[in-house]
Amino acid sequence: MLEAIRTKRAVRQFTDEPIPRDVLEKILRAGLRAQSSKNTQPWHLIVVEDRQVLLQLSKLGDFLGYLAGASACVVLAAPDDSPWTYFDLGQCASYLQLSALELGVGSCLGAIYQPAEAKKLLGVPADMSLQALVSLGYPSADHQVARLGGRKPISEAVHWQRW
Ligand SMILES: Cc1cc2nc3c(=O)[nH]c(=O)nc-3n(C[C@H](O)[C@H](O)[C@H](O)COP(=O)(O)O)c2cc1C
């Protein structure tokens, strides 16, 4: 687990290989195992595999272009946009991504900048909140991780006992 956490990077270039349904379901089940405030499990996960829909979704933000080449994506929807709900959704997304890694599937989180359009496209009720998605696909042989990587050292981000 530590190795997965240490090495996981966002993958944005994928092969055309579809993700088998049983693999996708393993990833989804892992996402649904995430903890949530009072175990409310606020998430609804919309799985998109249709190339045309992926393409349309990829146009709903400045930084979603890579989604057009993904084999699938999981759009995370919730009944409200409270901080706790999004804390829960973030954990669900992490579980989706870590389990994908375990199964050889690359992933990248994406922000949905035009939620109204995304809801229309996916038939999501207007009163639901839609802000993020996880793209999925087998990493292409020449896929490259973004140069901006690495993480803050412990000395910069951790405060022992007090700030
Ligand atoms: C809330 C959130 C939103 C993100 N939105 C996007 C996005 O819209 N497009 C994108 O290419 N990457 C997006 N990312 C991925 C981050 O850019 C990436 O995880 C970060 O740069 C670290 O890169 P690494 O995971 O490869 O180390 C998002 C990540 C998070 C957590």
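For the numbers below, each heavy atom of this structure counts, side chains included, while hydrogens, waters and symmetry mates do not. Just follow the structure's listing: the first ligand is 1, and inside any ligand the first atom is 1.
- In this structure, atom 30 (C) of ligand 1 lies nearest to the protein heavy atom L109 CD2, 3.6 Å.
- Remark: the S37 side chain and the T40 side chain contain no N/O donor-acceptor pair separated by less than 3.5 Å.
- Within the 4.0 Å cut-off (strictly below), a protein heavy atom is located near atom 2 (C) of ligand 1.
- Donor-acceptor pairing under 3.5 Å is lacking for the side chains of Q144 and D142.
- The protein atom (non-hydrogen) at minimum distance from atom 16 (C) of ligand 1 is R12 NH2, 3.9 Å.
- At distances below 3.5 Å, at least one donor-acceptor pair connects side-chain atoms of S71 with backbone N or O atoms of E17.
- A 6.0 Å sphere centred on CD of E102 holds no more than 12 heavy atoms belonging to other residues, nucleotides or ligands.
- H159 and W163 have parallel rings, their planes meeting at less than 30° on a 0 to 90° scale where 60° marks the start of perpendicular.
- Interface atoms of ligand 1 facing A10, defined by a heavy-atom separation under 4.0 Å, are 24 (P), 25 (O), 26 (O).
- Note that CG of L130 is 12.0 Å distant from CD of Q114, once rounded to the nearest 0.5 Å.
- When G61, A111, S107, S135 are ranked by how near their heavy atoms come to atom 8 (O) of ligand 1, first place goes to A111.
- The shortest N/O to N/O separation between L64 and ligand 1 does not fall below 3.5 Å.
- A salt bridge links E3 to R6: at least one charged side-chain nitrogen sits closer than 4.0 Å to a carboxylate oxygen.
- Under a 4.0 Å criterion applied to the non-hydrogen atoms of G110, ligand 1 contributes the atoms 5 (N), 6 (C), 7 (C), 8 (O).
- Shortest contact from atom 9 (N) of ligand 1 to any protein heavy atom: F63 O, 2.8 Å.
- Residue contacts with ligand 1: R9 is placed with a nitrogen or oxygen under 3.5 Å of a nitrogen or oxygen of the ligand (distance criterion only).
- Between the CD1 atom of I5 and the CZ atom of R151 there is a distance of 11.5 Å, given to the nearest 0.5 Å.
- At a heavy-atom distance under 4.0 Å, only side-chain atoms of C108, from C-beta outward, approach ligand 1.
- Every atom of ligand 1 with a heavy atom of R151 under 4.0 Å away is listed here by number and element: 22 (C), 24 (P), 25 (O), 27 (O).
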